[in-house]
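Being a predicted model, the structure only gives us computed values, none of them experimental.
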Amino acid sequence: MDNRKYNIYFNTHTISGIIICGVLYVMFFAGSFSFFKDDIAAWQENQSNRAADVQVNKDFNYLLDSLAKKHTLKGRDFDFTIQRNHTGAYVSMSASHDSTVKATKAKAPSDGKRKRGRGRGRGGNDDSAFFGYDFAKQKEADYASSYTMGEFLYRLHFLAQLNQVLPFRIGVPFGYMLAGIISFIFLFALITGLMLHWDKLVSNFFTFRPWSKWKNVWTELHTVLGVIGFPYQLMFAITGVVLIFNSFLIVPYTKLFYNGDEEKIYKDLGYGLNSDYKYQYKPLATSFNLNNLVSQTEKKWQKSDVSLVAIRNYGDYNMHVVIQGKPHTGAQMNGQGELVYRVRDSKILSERSPLEPADYVSQMKGTLYHLHFGDYGGRPLKVMYFVLGILGCIVINSGVLIWLVARDKKNTPAHKRKFNFWTANVYMSSSLSLLPVTTFTMIVLLFIKNAEQADIYHWFFYSWLALGIYFLAWRNLDAVNRQSTLLSAILCLLLPVLDGIVRDNWFWQTYKRGALDILFIDALFLTLGIISCVVYRKITTGRHRQQKNIPAKSKAEPVRIA
């Protein structure tokens, strides 16, 4: 490779990497833990979804009866979106289409989100509702009260919390836009990094000298782990851009082929229902049992799960029920089933099994979704995704340290060296404090009954701010590295112990009752604690070994990154 190309790749890779490193680390870290979103939620609530004695009865009739006590249901549309753990649902209730129905008091979404398709009919959002519902407890909860640490980490990985701090939109909410931009820039960093090492890719991959100089250690670590994780990181960068920026990507097609009709293009892309059912202002004369219809559909759709139960024009002569389902990934990767049922004559108007060959749109949507969320290979694949995600965090850290060491030279002006150090200091202090802060927040949740969104926000962000400032004050990257690793080891080992003491969730107890999701989270943090102990020992022994071999003058260098 000639010098001109090398300099182009090097500068593009370095500049793009430094610009996004802080936010990208948060996205990789939180995204890695969000693969176990449902397990973390079950651990926090101390309610396993996988125990042998857990049998959830999805009683839609009871849910409708409960809603009828608070609202007039006549003429409303309902969407029951089944959650991934199959123990609950997100309930969306529209305003009534019947102009004779008096609007009841709204129940606004507590997180300020607006669900697509709401606001249909008379009254718009003034008479609509959106909330979560737990079938096991037969209890509804708003977004804030049902918020979990798993949901927090999942939303943190695409920076959703920034939407509340900066509530303006540029096509999409600010947090989503920033996450999309970071993913897009990450593509440049990945491709230029690969091109940078292309000529010596094989030789560099097999070169790793952990007891060499720290610059060599971080460089070789960055190269080896970067090559190993390149396909994974490239896949996440591409799918992340598409999933976050889909609103931007479809705008040209909406204007060109749909005359600006955004609702129609979303229907063609498989979001929501394709058909509209006109309200007739004529009461329904026949009785109807929603539980029986859903149960019969589940029996017919083998190796599939019902994902959506939708009711249109409740109690009207033109009342319809639409049931959608998705195949188990072990049976078929992509596809969507749909059954349309007309209530007045108990007739199935159309039915498509989830296991029928998927169309192009379903294949593309499903492939992007499954690749990004890693839900097509069970827990072993999610563990592999988690490991690769954490390795991505190490690649980011090592890249920052390489950048710092390369610019910490005697011929570099003092003000530039100071700026470079503080840039790295801020980054390392904020990133290395994430694991102990996450573990600390989960430990606190053991002692808070019915923790809500505000509790998780306060304990996580305030402790992150406090620990980050503490690390900054040291002005020593060596100390930050050692102390964060030691603190991570202590807290990660403490979490399963406290879970056993406070809630009797010892490993043998959770295994005995089949609560494998709770067991997994405790085992995960135990493993992270053991690894942190090993890393801390390697850091301290390596540091002492290097100090013995370094001349006395070298020990006075202002920047240490061991």
Side-chain angles (χ1 to χ4, degrees), residues 8-35 37 153-160 162 170-198 201 205 221-251 363-377 381-400 402-403 427 431 434:
I8 290 175
Y9 296 146
F10 179 83
N11 290 327
T12 304
H13 180 74
T14 303
I15 294 172
S16 60
I18 288 298
I19 289 174
I20 66 174
C21 62
V23 180
L24 188 65
Y25 185 97
V26 174
M27 294 171 66
F28 263 90
F29 179 88
S32 298
F33 279 92
S34 65
F35 290 125
K37 172 186 173 183
L153 291 170
Y154 168 70
R155 295 182 64 79
L156 182 63
H157 103 273
F158 52 87
L159 312 179
L162 286 179
I170 308 178
V172 293
F174 177 79
Y176 303 160
M177 181 190 69
L178 180 60
I181 292 173
I182 295 298
S183 299
F184 190 73
I185 297 176
F186 184 44
L187 277 173
F188 284 92
L190 282 173
I191 296 172
T192 54
L194 184 67
M195 298 303 297
L196 193 63
H197 297 285
W198 187 260
L201 193 62
F205 180 79
L221 189 67
H222 186 77
T223 303
V224 172
L225 296 184
V227 173
I228 292 174
F230 178 82
Y232 170 86
Q233 295 163 10
L234 182 65
M235 176 267 294
F236 259 78
I238 295 173
T239 56
V241 169
V242 175
L243 290 173
I244 294 175
F245 272 176
N246 63 78
S247 298
F248 280 143
L249 295 173
I250 67 173
V251 168
Q363 287 180 354
M364 292 303 298
K365 281 174 51 185
T367 300
L368 285 171
Y369 182 91
H370 292 314
L371 284 176
H372 194 81
F373 291 95
D375 60 350
Y376 57 93
L381 181 66
K382 289 188 176 183
V383 171
M384 186 178 75
Y385 267 43
F386 175 83
V387 172
L388 289 171
I390 296 302
L391 291 181
C393 294
I394 298 175
V395 170
I396 299 170
N397 279 356
S398 58
V400 173
I402 294 169
W403 173 85
Y427 166 77
S431 63
L434 267 177

Can you give me the closest heavy-atom contact between D375 and H370, atom names plus distance? OD1-ND1, 2.7 Å
Across all chains, not counting sequence neighbours, the side chain to side chain donor-acceptor pair (under 3.5 Å) partners of Y376 are Y385
Partner set under side chain to side chain donor-acceptor pair (under 3.5 Å) for S32, not counting sequence neighbours: none
Parallel, tilted or perpendicular: ring planes of F184 versus F188, cut at 30 and 60 degrees: perpendicular
How long is the straight-line distance from OG of S183 back to CG of L24, given to the nearest 0.5 Å? 7.5 Å
Would you name the heavy atoms of H222 and H13 that are closest together and state the gap between them? NE2-NE2, 3.9 Å
State, to 0.1 Å, how close L159 and A179 come at their nearest heavy-atom pair, and which atoms those are. CD1-N, 3.8 Å
Non-hydrogen side-chain atoms of L391 and I394 separated by less than 4.5 Å: yes
Apply side chain to side chain contact (heavy atoms under 4.5 Å, CB included) to residues T367 and T239 and explain how you reach the verdict. CA-CA 9 Å; T367 300; T239 56; over 6 Å; no
Rounded at 0.5 Å granularity, tell me how far NZ in K365 sits from CG in L243. 11.0 Å
Check step by step if side chain to side chain contact (heavy atoms under 4.5 Å, CB included) holds for L368 and H372. CA-CA 6 Å; L368 285 171; H372 194 81; over 6 Å; no
Nearest-0.5 Å distance that lies between atom OG1 in T14 and atom CD1 in I18: 7.5 Å
Relative to the ring of Y232, is the ring of F28 parallel (under 30°), tilted (30 to 60°) or perpendicular (over 60°)? tilted
Gap between atom CG of L178 and atom CD1 of I244 - 0.5 Å precision: 9.5 Å
Going by the rule side chain to side chain donor-acceptor pair (under 3.5 Å), which residues pair with K37 if we only count those two or more places apart in sequence or in a different chain? E151
For residues V241 and G180, report the shortest heavy-atom separation together with the two atoms involved. CG2-O, 4.1 Å
Rounded to the nearest 0.5 Å, what's the gap from CZ on F29 to CD1 on I390? Could you check? 6.0 Å
Checking side-chain polar atoms at under 3.5 Å, does N397 have a donor or acceptor matched by the opposite partner on Y427? yes
For a quick test of reading the model, state the closest non-hydrogen atom pair linking A189 to T192 and the distance between them. O-OG1, 3.3 Å
Using every non-hydrogen atom in the two residues, find where L371 and M235 come nearest and quote the distance to one decimal. O-SD, 3.3 Å
Could you grab the distance from atom OH of Y176 to atom CZ of F158, nearest 0.5 Å is fine? 5.0 Å
Under 3.5 Å: donor-acceptor pair, side chain of T12, backbone of Y9: no
Parallel, tilted or perpendicular: which describes the rings of F33 and F386, with under 30° parallel and over 60° perpendicular? perpendicular
